[in-house]
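Just so we're on the same page: letters track the sequence lines, and every chain starts at 1.
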2 protein chains.
Amino acid sequence: MSKGRYHHGDLRSALLDAAEALVRERGTDNWSLREASARVGVSPSAAYHHFASRDTLVRALSERTLAWLGDRLRQDCERAPGRRTDPQQRLIAIGRGYVSWTVEDPAVARLVLRAGATGPDSSIAPHPHDVLAAEFDRLVEAGGLPAPARPGAEFVFWSAVHGLAVLLADGLVHIDGSRAVELQAERVARAVLNGLAQEKTPSTDRPTARSSHTERLARRSIPEIDEIH
Amino acid sequence: MSKGRYHHGDLRSALLDAAEALVRERGTDNWSLREASARVGVSPSAAYHHFASRDTLVRALSERTLAWLGDRLRQDCERAPGRRTDPQQRLIAIGRGYVSWTVEDPAVARLVLRAGATGPDSSIAPHPHDVLAAEFDRLVEAGGLPAPARPGAEFVFWSAVHGLAVLLADGLVHIDGSRAVELQAERVARAVLNGLAQEKTPSTDRPTARSSHTERLARRSIPEIDEIH
DNA sequence: TGCAGATCTCAACACTGTTCAGATTGGAGC
DNA sequence: GCTCCAATCTGAACAGTGTTGAGATCTGCA
């Protein structure tokens, strides 16, 4: 911290911390760059040496949180019951963790999940989408999902879990008690996994979805610079 | 319209129209109350005789659009193939319609789906949630879903479809072409319906979800007034 | 020690949502 | 037809916002 100093030390992450706290206190949108700067004890314009705009700050916070979430989901996997033998249990644990996070920290979750496509220079690791995809590969290997159903299956699962998460975070749906939330997440996850397992659609009729994350990896060569100064 | 007049005629819905157009032109958040007022040819403060705040305007637009959506989904049902005999096709049509709407009109869809719980005095009809619930009742009647799986099944389906919708609207996932989007919506819908149909969970372990809409109906007696003037 | 270059401050810009006293109007009752 | 009231809209103002640019201050390297 070192108060009173002209140079702050690590203003960038201090601003991210302040913004994160403000989001929790005042709500997803009800805070200002100026407030965050003031809280850190710095002038508003100082922030612009670390972020090109308020929106850039939000995206940076979003990416930081997304990496944290990826890590958390991976841990949830490893703590799942029967995690060695039953890859379905691991996926259900991911679904439960994803949804639980949004009800534990709804304001931040809204911020993150609304931020849209992740920036081209973002190196989120581990990215939640990658964690999910890896678990689906594992599921196919273990025979829990027919190989023809594998392509794009992650997006079906993700849709279902993400949907419940944002319905709860946005207050469109309400469920009392964190245990009940977990049970609903499990119900959703199980329904989708069972439904995918008995899929009959010929894979030619199947559209290809791309997450903004994998898309970024695919065209890493294109340098979209938006550096500061 | 009647330009030049001091009294506008129907300023309220004119403001809603202007706001809706601005959302589409400039994006979900990138417009101001003042712009909408100016576009209608009225002073900024005039809007405050019809809406308590900018947020109230947004919610009103959201509710208007939600009612429109409910109507559209109902129509999608009636146009579904085999709509008389196969209630599953009707539900798939709802899912397709819901998702298609968000990719056709993403900025407005974001506004609506983020607006959160609908206000206490809102009379959205037909409400999308009611349309969905009715179709699930029909599905049980026709034997497409075991009765024990019925309670809360709508929320599982809604989660899945809503999830795909917002992933696309927020740009977290990308699918090329409207036909491919429809196919993905169908895949999600089918997976959930099939998964629900073979559910084995004892219904005692099932949490009860409540939409903000049904919740409002339940406690209609409590008058939360936020009138103007 | 001196001196870039990164880092931060200060003052200002245009714009925002919101309020409130007062001008303007349409319509109900005489 | 007229009067008068309530609904409607204007104009000016307030505090607060994101953002910019010129200049002060500090750090680390020569």
Side-chain angles (χ1 to χ4, degrees), chain A residues 1-23 25-62 111 114-116 225-229, chain B residues 1-23 25-62 111 114-116 225-229:
Chain A
M1 286 297 160
S2 63
K3 295 212 169 182
R5 284 210 200 290
Y6 197 96
H7 279 39
H8 182 277
D10 192 3
L11 182 54
R12 192 190 138 89
S13 57
L15 283 170
L16 289 176
D17 293 342
E20 186 171 359
L22 278 168
V23 168
E25 290 172 31
R26 298 223 211 304
T28 306
D29 297 312
N30 224 22
W31 57 278
S32 62
L33 223 209
R34 293 175 106 108
E35 267 180 292
S37 309
R39 189 167 284 208
V40 174
V42 113
S43 87
S45 38
Y48 286 83
H49 290 260
H50 300 273
F51 304 100
S53 67
R54 193 201 122 116
D55 194 66
T56 312
L57 197 235
V58 167
R59 299 177 89 88
L61 175 55
S62 169
L111 187 92
R114 282 175 186 177
I225 313 284
D226 65 343
E227 287 298 317
I228 305 169
H229 284 322
Chain B
M1 286 297 161
S2 63
K3 295 212 171 183
R5 287 209 197 290
Y6 197 96
H7 279 40
H8 182 279
D10 193 2
L11 183 53
R12 192 190 139 91
S13 58
L15 284 170
L16 289 176
D17 293 342
E20 186 171 359
L22 279 168
V23 167
E25 291 172 30
R26 298 224 211 303
T28 307
D29 297 312
N30 224 21
W31 57 279
S32 61
L33 222 210
R34 294 176 106 107
E35 267 180 292
S37 310
R39 189 167 284 209
V40 175
V42 114
S43 88
S45 37
Y48 286 84
H49 290 261
H50 300 271
F51 303 101
S53 68
R54 193 200 122 117
D55 194 65
T56 312
L57 196 236
V58 168
R59 298 177 91 88
L61 175 56
S62 171
L111 186 92
R114 282 176 185 177
I225 313 286
D226 64 344
E227 289 298 317
I228 305 168
H229 284 325

How long is the line joining [atom1] of [X] and [atom2] of [N], in whole Å?
{"X": "B/Arg12", "N": "D/dA7", "atom1": "CZ", "atom2": "C1'", "answer": "16 Å"}
{"X": "A/Leu11", "N": "D/dT27", "atom1": "CG", "atom2": "P", "answer": "15 Å"}
{"X": "A/Leu33", "N": "D/dT20", "atom1": "CG", "atom2": "P", "answer": "11 Å"}
{"X": "B/Asp10", "N": "D/dT8", "atom1": "CG", "atom2": "P", "answer": "10 Å"}
{"X": "B/Asn30", "N": "D/dT19", "atom1": "CG", "atom2": "P", "answer": "11 Å"}
{"X": "A/Glu35", "N": "D/dG16", "atom1": "CD", "atom2": "P", "answer": "10 Å"}
{"X": "A/Phe51", "N": "C/dT7", "atom1": "CZ", "atom2": "P", "answer": "12 Å"}

Value rounded to 0.5 Å, distance of [atom1] in [X] from [atom2] in [Y]:
{"X": "B/Leu57", "Y": "B/Phe51", "atom1": "CG", "atom2": "CZ", "answer": "4.5 Å"}
{"X": "B/Leu61", "Y": "B/Asp17", "atom1": "CG", "atom2": "CG", "answer": "9.0 Å"}
{"X": "A/Leu15", "Y": "A/His50", "atom1": "CG", "atom2": "NE2", "answer": "7.0 Å"}
{"X": "A/Glu35", "Y": "A/Glu25", "atom1": "CD", "atom2": "CD", "answer": "9.0 Å"}

For the side chain of [X], starting at C-beta, report the closest nucleotide among [options].
{"X": "B/His49", "options": "C/dT7, D/dC9, D/dT19", "answer": "D/dC9"}
{"X": "A/Arg54", "options": "D/dG18, D/dT17, C/dT16", "answer": "D/dG18"}
{"X": "A/Tyr48", "options": "D/dT10, D/dG18, C/dC8", "answer": "D/dG18"}

#### Entry: Side-chain touch A/Asp55/A/Arg59, heavy atoms, less than 4.5 angstrom
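They are in side-chain contact.
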#### Entry: B/His50 vs D/dC9: side-chain N/O to OP1/OP2 distance below 4.0 Å
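True: B/His50 side-chain N/O within range (under 4.0 Å) of D/dC9 OP1/OP2.
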### Query
So, is A/Ser43 near the phosphate of C/dC10, with a side-chain N or O under 4.0 Å from OP1 or OP2?
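Indeed not, no polar side-chain atom of A/Ser43 lies that close.
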### Message
Could you work out, with side-chain hydrogen bond (donor to acceptor under 3.5 Å, both in side chains) as the rule, every residue matching B/Arg114, not counting sequence neighbours?
### Response
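B/Arg114: side-chain hydrogen bond (donor to acceptor under 3.5 Å, both in side chains) contacts with B/Asp170.
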### Message
Among residues at least two apart in sequence or on other chains, which ones pass side-chain hydrogen bond (donor to acceptor under 3.5 Å, both in side chains) with A/Ser37?
### Response
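If we apply the side-chain hydrogen bond (donor to acceptor under 3.5 Å, both in side chains) test to A/Ser37, skipping adjacent residues, there are no hits.
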Would you tabulate the nitrogen or oxygen pairs shorter than 3.5 Å linking the protein to nucleotides 12-14 of chain D?
none

